2 protein chains.
Amino acid sequence: MPHRKSKNAEPLDAGSVPKAVVSRLSLYLRELQHLLRDGKETISSGALGSRLGFSDAQVRKDLAYFGHFGYPGIGYRIDELVAAVKKILGTDRVWPVAIIGIGNLGRALLGYKGFSRQGFDIVAAFDSDPSKSGLIIEGIQVRPIDTLAAVVREQRIRLGMLAVPAPAAQGVADQLVLAGIDGIVNFAPVTINLPPHVSRLGVDLAIELEQITYDVVNRLRVR
Amino acid sequence: MPHRKSKNAEPLDAGSVPKAVVSRLSLYLRELQHLLRDGKETISSGALGSRLGFSDAQVRKDLAYFGHFGYPGIGYRIDELVAAVKKILGTDRVWPVAIIGIGNLGRALLGYKGFSRQGFDIVAAFDSDPSKSGLIIEGIQVRPIDTLAAVVREQRIRLGMLAVPAPAAQGVADQLVLAGIDGIVNFAPVTINLPPHVSRLGVDLAIELEQITYDVVNRLRVR
DNA sequence: TAGATTGTTAATCGATTAACAATC
DNA sequence: TAGATTGTTAATCGATTAACAATC
């Protein structure tokens, strides 16, 4: 195994990293984990990129924002790169997550196996409907929503996934913020406002489909 | 009401429209529909943008890719703009959709009310598990996956939502392509390859959370 | 060594912002 | 008319691509 003196020595000036780079990082990680499971040891920027539809230069540039992870002439050692990317994304530790809104979607999120694999641990579930309180779904007890602040603090929950109806989303988001949450993924089809110290990401299932219909209707002849 | 001679006369050169513009278009539409429901009649680019965190110039520029929808001194008539954006996105009609993989997530998608509101009609559900065949969930019968091609053709299904386990995703995607599907939203945490005439969008729930943890860990001091 | 591949710089390309004449 | 706001141009900013010396 080649040796290296001073890797990862760069200051991670997060402000200068484009958002698009971070989302590609997650794709790299997912692909690298597949490769690792398949027993591969190293991969080049070109080979990694072509599996995802990116150029070799793009892969190298993206990774170079965060350090020197590769070996000229060899490529990247997959196990090392997995560890490095996990550290960059923050998923080298376990994150306690709460789900709010235990309807169809909330239940599906509760049962989704992909979260734990990436370091997310769903530790609490909340619903405003009293008839749901006390239910145990996927091993997690559904709690009344007015216990949210107390539970978030007590269990040191950092992230919330919002699966409530659109009209309730902003109110619940406000409660999460007051309870000291760090980030929210919002599945309700509405824009929510958060203070700048809380990270926010919206996932609107209908909007995802609209991106496809636009493509289909305006089908780009050349690609 | 002001009058206009020749609107929407531009050729929609889809190839030149950035992807980011299309995703903002969906956000504009969602916001405009809320405004319409609230009884508002017109809105300026500045007011629309500020609700979503975009500048007035960005809103005007985005819309100007597709035509002249506004009225100087007045803004945009909300009902007109809703109709125009729907047409651009292709959601001025109804799209028949199939869901493949009726586990936790597939079931949640089947029950999601937000789709029909935006013009998506889930007309078929498939699962490879024979014990699920025949089940009726949310009014839709679950069919064996080997009937996929026949049903897609017969029901003129244009879009597929893939909620199968990662190892099955590529195989099912291939079947959808053979059946003549136009676009696929893939919820399996794996990259799938499709021919260029089929639109593709990946939604990985764990990756969405990773975008948040990156933000939290590398918390940008200034925002 | 020769071949492969990195990290990085410079050049290109694309997207956003600012400014303003035209319009209502 | 005066005030508001559009559509569009030019200027700025940012991201991607191409090229290559350095390295293994």
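Please read all numbers here as calculations on a predicted model, not as lab measurements. First the proteins, then the strands, lettered A, B, ... as listed; each starts at 1. Hydrogens, waters and symmetry mates are skipped; everything else that's a heavy atom, side chains included, is used.
Under 4.0 angstrom from either OP1 or OP2 of C:dA15 there lies no side-chain N or O belonging to B:Q58. Close to D:dT5, at under 4.0 Å from its OP1 or OP2, lies no side-chain N or O of B:R77. Considering only side-chain N and O atoms, A:S45 lies under 4.0 angstrom from the phosphate OP1 or OP2 of C:dT6.
Residues passing the ring-ring contact (aromatic ring centres under 6.0 Å, His included) test with B:Y112, sequence neighbours excluded: B:F115. Residues forming a side chain to side chain contact (heavy atoms under 4.5 Å, CB included) with B:A149 (at least two apart in sequence, or on another chain): B:R153, B:A179.
With rounding to whole Å, A:I74 atom CD1 is found 14 Å from C:dA4 atom P. The nearest whole Å value for the distance from the CG atom in A:L48 to the P atom in C:dA4 is 19 Å. Straight-line distance from the CG atom of B:D62 to the P atom of C:dT17: 10 Å, rounded to whole Å. As rounded to whole Å, 16 Å separates atom C1' of D:dT8 from atom CZ of B:F66. Here C:dT6 presents its C1' atom at 11 Å from CG of A:L63, a figure rounded to the nearest Å. In this structure, the CD1 atom of B:I43 is 13 Å from the C1' atom of D:dT5, given to the nearest Å. Between A:D56 atom CG and D:dT17 atom C1' there is a gap of 9 Å when expressed in whole angstrom units. Rounding to whole angstrom units, OH of residue B:Y71 and P of D:dG7 are separated by 10 Å.
The A:Y76 side chain lies nearest to C:dG7 when the options are D:dT6, C:dG7, D:dA15. Picking from C:dT8, D:dG7, D:dT6 the nucleotide with the shortest atom distance to the side chain of A:H68 gives C:dT8.
The partner of D:dT23, taking Watson-Crick or G-U wobble pairs whose two distances both stay under 3.5 Å, is C:dA4. Under the Watson-Crick and G-U wobble criteria, each requiring two contacts below 3.5 Å, nucleotide C:dA18 is paired to D:dT9.
Within the model, atoms CZ of A:R60 and CG of A:L48 stand 11.5 Å from one another, a figure rounded to the nearest 0.5 Å.
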Give me the distances for all protein-to-nucleotides 18-23 of chain C N/O pairs that come in under 3.5 Å?
unit_1	atom_1	unit_2	atom_2	d
C:dA19	N6	B:R60	NH2	3.4

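Under the 4.0 Å criterion applied to side-chain N and carboxylate O atoms, B:D92 and B:K87 are not assigned as salt-bridge partners.
The environment of CD in B:Q155 is crowded: more than 12 heavy-atom neighbours from other residues, nucleotides or ligands sit within 6.0 Å. Counted within 6.0 Å of CZ on A:R156, heavy atoms from surrounding residues, nucleotides or ligands total 12 or fewer; the atom is thus considered open.
The side-chain heavy atoms of A:F187 and B:L205, taken from C-beta on, include a pair separated by under 4.5 Å.
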